[in-house]
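Structure first, then comments.
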Amino acid sequence: MKPIRFYLAMILARFSYIVLKILGKNATQFPGVIAMKVCPNILRYLEVSDKVIAITGTNGKTTTTNMIASFLTAQGIDLVANNLGSNIEGGIISALLNSTTFFGRNHKEMAVLEVDERSSPYIFPYINPDIIVITNLFRDSYKRNADVEFILSILEKSIPKSSLLILNAEDPLSSNLCKDNPRKYFSIAPQEFEEEVSDNIIKDLVYCPSCGNKLIFDFNRYHHIGFVHCERCDYASPTADYLIWKIHEDQIIIKEGNNYYPYQSEASRITDNYNKIAVISVLREMGYNHEDIANYFNKIKVVSSRYSETIVKNKRVISMLAKAQNPVANSLAFDFIRKQKSWGSISLILMNETYTHKQNFNSIENMAWIYDADYEYLNIPSIKKILCMGQHNLECKIRLLFAGIDEDKIQLLEPSYSLDITTDTDTTIIIHGAKNIAVARQFKDMLVRRIKDEN
Amino acid sequence: MKIEILFGEVCSLYGDHGNIMFLEKTFGKNNINKTSILETPKFITEKIDLIYMGAMNEKTQAQVIDKLLPFKDILLEKLDNGLKALFTGTAMDILGKTIVEENGTTLEGLNIFDFETRIKKRPRLNCAIYGLYKNIPIVGHKTQFTQTFGDNSENYFIKVQKGMGINKNTNLEGFIYKNLIATNITGPLLIMNPQFSENYLGVEIPYKNLLLAAQNKRIKDTNLVKDVFY
């Protein structure tokens, strides 16, 4: 028997959903928040699908969720997904409102849900996922996530014992979670062309999770990600069940057991490949064959809001998403930029604050995370100009100076739509956080137009 | 000045690396010793002028206390002889009598100061800080699960005008003993507070004008905001 307030919550949440849709607004979070206000334990009363796949971790959740949901939808499965990244309680409830009747009865075959790792204790016990993907764990927002040890402890307590875990074999933090749970590992083999990145400022794991001795990296891909072993005990990175064995320009080769499977691939960032192998692992565990999965991958591209590149008159304009307050995401973006050999001279626009540049300025935002991010990687000759944008652009400039970057290269920009950005370099890159996807797109379009209009 | 960074690989959770970068830039990398948690601190046996330790999680606090407890008397003696020591973020907690978890589990601290730190995981406390240290402005942030209880009326670090002191009922933040400063303020304290850095370290600092401009903006912004908790 459901309480009266459950039905009241359903009425208000569904009404707010309709109103938001009529107004052309995003209804991925607010209806759930309303429902929670009226009925705080509403998740208890919302029936979930028979099959639930949850995706959590610090980086890569949204892309992984979108790819899984998109594949399954293409297979004709009627599913619910929160594929716009609304991954805390309100977003999950909003998604489940779409998969249930007014009386809370489920009418979807499956649920594919991105779950914020910090919110997992308030979600996992109710949705009881059959499969949980943990993409990776790093330090993230100090405000919400504190430190990885804290996140590990809440995941350890909140993951249901029966869930099959799909884990990153190269992450010695998350790969050791819930040791009694059934598990499969994914990984990417070191590639011949790959250089190790062992000079990151931060490493969220330095010592052996078993004995506390210093971990030895056999291959350090970035931060604490890579293949490790301990010389004091027998701890070592687990063997992957699903491995990207080779990465070629337009193809990746997956190794499963002793068999090899080619997949077309346009992804150039290593993180895209981690997302891809995580998706393949889930779909294989669900019983799909490599041929069907590969056919799907041939048709898709990485969501353009995360990485978008336009070449006009031999000039390149790029927008890249790197979550603000997330030093690893930013370091990966900087590392990617420094490794590009064909981009010529580069201008960078850094929008590294969490508020949107359109409204809601947060004048007291904690910017300390920029000292955990590897701005040193931007100290390369090809980068000719760095424009720091936002309320704390002066603090950004100071960080760049401590990274050794020449002061003459650094300019300060106030948030504005009439930006005086010149396009005299071969490449212009906008690095922006999740709140500024729309603003970054506008800047990018404006830059492309300016280049087109140049004589 | 010879500086020792204590356990930086595990004690720099919230942008505390900024302080290390600042010290490297100010004094040169050759004057900075980085000691890992597996090593014995150098200040025990060598001439060190400043030790620095940043924020850490509860598990690391226990390791650090285990590591430093056998050398507590030496540390006190060195402090009495002028050693400078800066402990930021949760590094402050290890200097008290106890750290008490929500379930009552108690970790004995180094007992250099008479205070108790109590952990409460929800809600997490986040706030901007503005206060004065000997009339020198201090800005920064706190991001923590803890509040600390004890009398610091005679030996506080700053009098807070925005934000909270060692707990939500006091505006007195941190503890001082001779040249030891312990504060829950996290992040690049030395970069965000150029006048304090010059005063405490007794040297000219890099990018002083820019750092002052950034600090003035922070002071202005923090004072404009009604509620600095977020």
Side-chain angles (χ1 to χ4, degrees), chain A residues 118 121-122 139 141-154 200-209 212-215 224 232 325 327 354 361-376 391-404 407 410 412, chain B residues 9-10 12-22 24-25 36-38 55-60 63 89-90 121-122 124-130 139-145 162-163 186-189 191-192 206-207 210-211 213-218 220-222 224-225 227-230:
Chain A
R118 176 73 177 83
Y122 317 109
R139 75 182 64 182
S141 160
Y142 307 152
K143 172 187 161 187
R144 291 197 73 245
N145 289 26
D147 62 280
V148 282
E149 204 58 51
F150 172 64
I151 296 297
L152 277 171
S153 71
I154 61 174
N200 293 115
I201 292 168
I202 56 165
K203 256 193 178 50
D204 285 316
L205 188 71
V206 179
Y207 298 111
C208 174
N213 201 33
K214 187 156 185 167
L215 277 176
H224 65 271
R232 190 160 74 186
Q325 298 284 334
T354 51
F361 287 68
N362 177 4
S363 59
I364 56 165
E365 182 167 346
N366 186 350
M367 296 298 291
W369 67 271
I370 61 180
Y371 290 92
D372 283 344
D374 297 287
Y375 284 79
E376 285 70 12
Q391 185 78 3
H392 301 295
N393 54 10
L394 189 52
E395 291 177 25
C396 177
K397 177 176 179 174
I398 290 167
R399 174 67 186 93
L400 291 168
L401 291 172
F402 275 96
E407 191 167 0
I410 308 166
L412 301 181
Chain B
E9 81 283 15
V10 286
S12 47
L13 287 184
Y14 306 124
D16 311 281
H17 281 284
N19 294 318
I20 301 169
M21 286 176 198
F22 178 88
E24 285 179 340
K25 186 85 184 166
S36 84
I37 190 79
L38 299 183
M56 67 199 88
N57 60 40
E58 292 92 335
K59 198 168 133 189
T60 307
Q63 287 178 288
T90 49
K121 295 280 182 178
R122 203 173 160 109
R124 185 163 170 79
L125 283 170
N126 296 285
C127 71
I129 293 281
Y130 168 57
V139 292
H141 287 266
K142 286 191 170 195
T143 179
Q144 60 199 58
F145 289 123
K162 286 276 189 171
T186 58
L189 181 75
I191 291 176
M192 292 178 80
Y207 313 124
L210 274 177
L211 301 191
Q215 188 195 31
N216 285 334
K217 186 165 186 327
R218 274 277 169 193
K220 191 175 147 208
D221 289 343
T222 308
L224 281 175
V225 174
D227 186 5
V228 292
F229 287 85
Y230 53 88

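None of these values were measured; they are calculated from a predicted model. Just so we're on the same page: letters track the sequence lines, and every chain starts at 1.
Proximity of A/F150 to B/N57: side-chain heavy atoms (C-beta onward) are nowhere separated by under 4.5 Å.
Between the OG1 atom in B/T90 and the CD atom in B/Q144 there is a gap of 8.5 Å [rounded to 0.5 Å]. In this structure, OG in B/S36 is found 7.0 Å from NZ in A/K214, a value given to the nearest 0.5 Å. Atom CG of residue B/N19 and atom OG of residue B/S12 lie 10.0 Å apart, to the nearest 0.5 angstrom.
The only member of A/I202, A/N145, A/I151 that meets side-chain contact (heavy atoms from CB on, under 4.5 Å) when paired with A/R139 is A/I202.
The contact between A/K143 and chain B is made by backbone and side chain atoms together, counting heavy-atom distances below 4.5 Å. Looking at B/A213, the atoms closer than 4.5 Å to chain A (heavy atoms on both sides) sit in the backbone and in the side chain alike. Only the backbone of A/E365 has a heavy atom closer than 4.5 Å to any heavy atom of chain B. Residue contact with chain B, scored on non-hydrogen atoms closer than 4.5 Å, involves the side chain of A/E376 exclusively. Residue contact with chain B, scored on non-hydrogen atoms closer than 4.5 Å, involves the backbone and the side chain of A/I364 alike. At a 4.5 Å heavy-atom cutoff, the contact between B/F145 and chain A is made by side-chain atoms alone.
For the set B/R122, B/M192, B/K217, the count of heavy-atom pairs under 4.5 angstrom toward chain A peaks at B/R122. Interface remark: of the candidates B/L211, B/V10, B/T60, B/D16, B/L211 forms the most heavy-atom pairs closer than 4.5 Å to chain A. In terms of non-hydrogen atom pairs under 4.5 Å with chain A, the most contact-rich of B/I191, B/T222, B/V225 is B/I191. Chain A forms more heavy-atom pairs under 4.5 Å with one residue of B/Q63, B/R218, B/E24 than with any other, namely B/R218. The most heavy-atom pairs under 4.5 Å with chain A, out of B/K59, B/K220, B/E58, come from B/K59. Chain B forms the most heavy-atom pairs under 4.5 Å with one residue out of A/D147, A/N366, A/D372, and that residue is A/N366.
Contacts of B/T143 classified as side chain to side chain contact (heavy atoms under 4.5 Å, CB included), with partners at least two apart in sequence or in another chain: A/Y142, B/Y14, B/R124, B/N126, B/T186.
Using a 30° and 60° split on the angle between ring planes, A/F402 and B/F22 fall in the tilted class, from 30° to 60°.
A side-chain donor from one of B/E9 and A/Y207 sits under 3.5 Å from a side-chain acceptor of the other.
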